[in-house]
Amino acid sequence: MQQNSDNEKTYPSCLSDKKYRLYGFIIVLFALFFRLFELGERVLHHDESIHASFTLKLLERGEYSYDPAYHGPFLFHSTAAVFHFLGINDTTSRFVPVFFGVAAILVLFLLKREMGKSGVLWSMLLLAFSPSMVYFSRFFRNDMIIVFCTLAAVAGAFRYLDSIHSSKRYPYLFLTASSLAIAVSSKENAYLVISIFGAYAGLGLLYWIYSDWKKGDTGLKKTIFHKTSTLLPYIPEILLSGALAVFIILFFYSSAFRYDISLFSIVERAFNHWMEMHRIERIGGPFYYYIPILFTYEILTVLFGTAGFFYFLGNRVRSRGRNYSFFLFLCYWALTSLLLYSYLQEKVPWLVVHIVLPFGLLAGAFLGEMFSGNAESGKQKQVNYSGKTRTLLAGVLVLTLLVSMAQCISINYFRSMEDKELMTYAQASPDIRTLMEKIGEFDGSPETLRIYVVDPYQLYWPLPWYLRDYEKAAYSSKPPASSKYDAIIVPISYDMYRELPEEEYSSYNFSLRPRKDFTLYYNNKLEKTG
């Protein structure tokens, strides 16, 4: 109880608890609306369609086998449940990322002690309307699951340490353990998150021992022994939470224990595959790859996150000095995330959300201190800045907020399939909607219509997803020897009229995705008459 009292003294605020919760849930409702509005309008991306097809195979045949190229099993199993209960279409395929994208915003409520009410609300606002966070919350990939799990693990860890002498600590420990387990079950960059956090925890533990040794008169060995003995009572619960994490990981990777797989083989296969991808630079790019993306879409978070980085890092003795360790951790997390993702040679736009997350928290906390309306003894508190500086910051805030909102709306509802956008890497073309409408008008049922799809590199996705109801659809790296098909889809460079009678077949050109054009050749008899 004393801790809470001290906390309120540390963070005086004109916001009542009722208003704080009300504003928070209003932000969450708007975040949910932004993520659900026209959710199925954008054609499924190449990767999304593969994930959706794998999920369908799991749902209909019960088949699953871990392949690190397509990441962990959690997304497939959770979306299979959505398909089972809510139906199979483009919209429902994206429900899981939407859920975790909104849940990540809700988790911020757990960080009120460190960030204050205003800091939490600002952070919620930034993440709720971040162009990249919204875009990839509407994207059938694993990254928003990782974002949620990362933030939940951080919040759980700090709440656990804050309640270390209370029985209330147990749920927070299990929250941290289960969040990290779900992250590992979702995508391999979870190991990067664990490495970042583990390194910080290790350094913190060494500093804890070192500082006590320097203060006391005892030797180093006695200090280590004393510190170790203070940790012993917590070992059983830590082991129990570790067992829970292992259970969750094995549950998903074994597809509810239907297949044999070991924890060691999971980690080994993940590391071997992605280290090889980094070595060969499968999707390489320059070290500064994420900088243009951040400045194009996340200028608000970049500017105020960077300001928060230097403000919190260099302002230890201040009104919130007791939480300096939390803000030091945020600065470390933001910097290491930016550097590590910039270094790794797997450069894709969706990884930017893992950089935006810690900078979003720094920006929100900084804005919370600048414009919180904190009150102390009935007076407005000015936080180390003159009135002119605060006015300038307010002007920059309004301008960047407008730019960010405009970018959020543009990239999510108007230009979500524009190949010139930095966020839309290898996005499928809207031509596919027209193609499916044309095929749907053919005089033939999905059960009988014979369609052959050809691509020498087998990069014909997302066509297998959109042709999933056509039972006789076939896929190959070269045209079939026999012409026993009603329609054939080939790269535009293939001239099928050398093999097909031009008077009997018509053609239709369409774009699959940028620099990937195809032609549909179909028998004229398929066109309905009358």
Side-chain angles (χ1 to χ4, degrees), residues 104 108 111 114-116 118-134 147 150-151 154 193 196 200 286-321 323-344 347 349 351-372 382-386 388-408 422-423:
L108 288 168
L111 292 173
E114 287 74 22
M115 302 178 68
S118 294
V120 167
L121 291 178
W122 275 108
S123 295
M124 293 177 75
L125 185 70
L126 294 179
L127 296 187
F129 302 110
S130 154
S132 61
M133 287 288 182
V134 174
V147 165
T150 302
L151 194 51
V154 169
V193 172
I196 292 172
Y200 187 84
F287 187 81
Y288 57 83
Y289 173 85
Y290 295 105
I291 301 301
I293 298 176
L294 288 168
F295 275 93
T296 299
Y297 302 102
E298 302 290 349
I299 187 66
L300 173 60
T301 297
V302 168
L303 288 183
F304 286 97
T306 303
F309 178 91
F310 290 106
Y311 175 75
F312 291 119
L313 195 62
N315 200 8
R316 181 169 186 168
V317 182
R318 67 187 200 287
S319 61
R320 300 189 182 185
N323 284 321
Y324 181 74
S325 59
F326 173 75
F327 291 107
L328 181 63
F329 165 74
L330 276 189
C331 293
Y332 162 84
W333 177 17
L335 181 61
T336 52
S337 295
L338 176 61
L339 293 178
L340 284 173
Y341 282 106
S342 297
Y343 166 71
L344 293 174
K347 300 292 201 306
L351 292 178
V352 78
V353 296
H354 307 293
I355 301 171
V356 169
L357 178 60
F359 275 97
L361 267 62
L362 280 171
F366 177 75
L367 290 170
E369 290 218 357
M370 295 301 102
F371 308 106
S372 63
Q382 303 297 319
V383 190
N384 298 335
Y385 286 95
S386 66
K388 288 183 179 180
T389 303
R390 288 168 62 85
T391 301
L392 177 62
L393 286 173
V396 174
L397 172 62
V398 171
L399 179 61
T400 54
L401 186 61
L402 290 174
V403 170
S404 182
M405 286 296 295
Q407 283 285 41
C408 183
L422 298 177
M423 201 93 79

Got Leu328 and Tyr200 here, is their nearest side-chain heavy-atom distance under 4.5 Å?
yes
So do the side chains of Tyr297 and Val352 get within less than 4.5 Å of each other, counting heavy atoms only?
no
Can you name the closest pair of heavy atoms from Ser123 and Ala365 and give their distance?
OG-N, 3.9 Å
Would you say Tyr290's side chain and Leu351's backbone share a donor-acceptor pair under 3.5 angstrom?
no
Shortest non-hydrogen pair, Met133 vs Glu298, comes out as N-OE2, 4.3 Å
Rounding to 0.5 Å, atoms CG (Leu367) and CE (Met115) come to a distance of 10.0 Å
Hey, could you give me the CG/CG distance between Leu335 and Leu340, rounded to the nearest 0.5 Å?
9.0 Å
Does the side chain of Leu361 reach to within under 4.5 Å of the side chain of Leu108, using non-hydrogen atoms?
yes
Looking only at heavy atoms, what is the nearest atom pair of Ser130 and Cys408, with distance?
O-SG, 4.4 Å
Side-chain (Tyr311) to main-chain (Leu362) donor-acceptor, under 3.5 angstrom:
no
Of all heavy-atom pairs between Leu151 and Trp333, which one has the smallest distance, and what is that distance?
CD1-CH2, 4.4 Å
State which residues pass side-chain contact (heavy atoms from CB on, under 4.5 Å) with Leu402; sequence neighbours excluded, sorted by chain then number.
Val398
Does the side chain to side chain contact (heavy atoms under 4.5 Å, CB included) test come out yes or no for Val403 and Leu300, once each step is laid out?
CA-CA 8 Å; Val403 170; Leu300 173 60; over 6 Å; no
Roughly how far, to the nearest 0.5 Å, is the CZ atom of Phe359 from the OG1 atom of Thr306?
5.0 Å
What orientation do Phe304 and Phe366 show, parallel under 30°, tilted 30 to 60°, or perpendicular over 60°?
tilted
Should Thr301 and Leu127 count as side-chain neighbours, where that means a heavy-atom distance under 4.5 Å?
no
Between atom CZ of Phe329 and atom CZ of Phe326, what is the distance when rounded to the nearest 0.5 Å?
7.5 Å
For Phe287, enumerate each residue passing the ring pair (Phe, Tyr, Trp, His ring centres under 6.0 Å) test, keeping only those at least two apart in sequence or located in another chain.
none
Heavy-atom check, side chain of Ile293 versus side chain of Ser132, under 4.5 Å
no
May I ask you to decide if the ring planes of His354 and Tyr341 are parallel, tilted or perpendicular, using 30° and 60° as cut-offs?
parallel
Please report the closest heavy-atom contact between Lys347 and Ser342, naming both atoms and the distance.
NZ-O, 2.8 Å
Name all residues meeting the side-chain contact (heavy atoms from CB on, under 4.5 Å) criterion together with Leu344; count only those two or more places apart in sequence or in a different chain, and write none if there are none.
Leu192, His278
List the atom of Ile355, the atom of Ser337, and the distance in Å for their closest heavy-atom pair.
CG1-O, 4.0 Å
Measuring from atom CD of Glu369 to atom OG of Ser118, what distance do you get when rounded to the nearest 0.5 angstrom?
10.0 Å
Answer whether the closest heavy-atom distance between the side chains of Leu125 and Leu121 falls below 4.5 Å.
no
State, yes or no, whether a side-chain contact exists between Leu401 and Phe129 at a heavy-atom distance under 4.5 Å.
no
Side-chain donor or acceptor of Ser404 paired with backbone N/O of Thr400 under 3.5 Å
no
Starting at CG of Leu330, measure out to CD of Glu114 and round the result to the nearest 0.5 Å.
9.0 Å
